[in-house]
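Below is one structure; the comments refer to it alone.
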Amino acid sequence: MIYKNIEIEEIENGIKIIGQSNFEPSHIFDCGQCFRWMKEDDGSYTGVAMGKILNISKRDGDIILLNTNLGDFENIWYDYFDLGRDYGQMIDKLKVHDDNLLKATEFGHGIRLLQQDGWEMLISFIISSNNRIPMIQRAINNISENYGDCLGEYKGKTYYSFPSPAQLSKASVEDLRNLKLGFRDKYVYETTKAVLESGLDMVDFIKMEADICHKELMKFKGVGAKVADCIALFGMRKYDSFPVDVWVKRVMQEFYGAEDMSLVKMRAYGRDLFGEDAGFAQQYLFYYVRELEIGK
DNA sequence: ACTCAGGACGCTA
DNA sequence: TAGCGTCCTGAG
């Protein structure tokens, strides 16, 4: 059947997406935008998003989504995997910009920017600050196991939802420290309290103009310019965001002749250079240099 | 035992 | 407003 712009097929316990050339699970899940997708022994990925356990793999050019159904595909996964966007067209735009993007989009083919939950991004990227990916994953798993809902088992493992603000507010600073958040414990604690007490719904940030959104995000404890850009890009559909970490800073200096400037100045430099597609450019470039350790 | 990687905060000037 | 010390953890 055809759903919106794509061809899908209902299969046992799931959905098959037919003939998507720009969909590469390993690149999507390893490009630094998400922390809860783990590779199984059979090469598929299992993760939790939007309170659901999903398994995903690529077979004969088709994408297989398991442990789901048509309703969830239409209501959740279509948007989550940004299936309404033509990534072929996006790549065509980026690769004529310059040769670095040409190489980066070839290398990172099949990357898609996931439309993730804003609240989960807020907490996840606070935890990411000055931290490494395995440690971030562990901390997020810990808070999910301790404060989220049990979603049941899949392939012998038990999965938990990411806790809501109300659920996470049950954790003290000490609890969070014990869950290995490190010095970010107090940031997560303060931010959770701020969200809960203000009655803010992080979904409302999607409607904000990008610069306002960025500014509002930076009001939370533990959220600086880079973390705010990640939250805005991955959780609030602000595709002109340009998160600058040490890797992106290196790219801009190595590839684009930028001076050794502060992260905030580098952010403006990148946004000027790449315009409304800055977030996509950043993602391909980041994945490219990080995987190949270019400029280290 | 020591060094390093990785961003935000808060103090100083 | 810029510059810099500090925060935590695990790997090498």
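Source: prediction; values computed, not measured. Letters A, B, ... mirror the listed sequences (proteins, then strands); counts begin at 1.
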Expressed as a whole number of angstroms, how long is the span from A:Ile136:CD1 to B:dA8:P?
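The answer, rounded to whole Å, is 12 Å.
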Ion pair [X]/[Y], N-O distance below 4.0 Å:
| X | Y | value |
| --- | --- | --- |
| A:Asp42 | A:Lys155 | yes |
| A:Asp229 | A:Lys226 | no |
| A:Lys157 | A:Glu40 | yes |
| A:Lys219 | A:Glu216 | yes |
| A:Asp277 | A:Arg271 | no |
| A:Arg59 | A:Asp62 | no |

What closest approach, in Å, do A:Phe162 and A:Ser124 show between heavy atoms, and which atom pair accounts for it?
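Closest approach of A:Phe162 to A:Ser124, heavy atoms only: CE1-OG, 4.1 Å.
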A:Arg36 to A:Phe29 six-membered ring, cation-pi geometry met (6.0 Å, 45°)
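Because its charged atom misses either the 6.0 Å distance or the 45° angle limit, A:Arg36 does not stack over A:Phe29.
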Of all of residues 218-230 of chain A, which get a heavy atom below 4.0 angstrom from DNA chain B, listed by number?
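Residues of residues 218-230 of chain A under 4.0 Å from DNA chain B: A:Phe220, A:Lys221, A:Gly222, A:Val223, A:Gly224, A:Ala225, A:Lys226, A:Val227.
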Which residues in residues 247-272 of chain A have a heavy atom closer than 4.0 Å to any atom of DNA chain B?
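Residues of residues 247-272 of chain A under 4.0 Å from DNA chain B: A:Trp247, A:Arg250.
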Under 4.0 Å, heavy atoms only, any strand: does A:Asp245 hit a base, just the sugar-phosphate, or nothing?
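Since only primed, P, OP1 and OP2 atoms lie under 4.0 Å of A:Asp245, the category is sugar-phosphate.
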In 5'-to-3' order, the base (B), backbone-only (S) or no-contact (-) status of each nucleotide in nucleotides 7-12 of chain C, using a 4.0 angstrom heavy-atom cut-off, is BSSB--
Give the ring-plane orientation class for A:Phe274 versus A:His97, where under 30° counts as parallel, over 60° as perpendicular and anything between as tilted.
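Tilted: the ring planes of A:Phe274 and A:His97 meet at 30° to 60°.
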The single option from A:Leu179, A:Val227, A:Ile143 passing side-chain contact (heavy atoms from CB on, under 4.5 Å) against A:Ile127:
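Exactly one pass, corresponding to A:Ile143.
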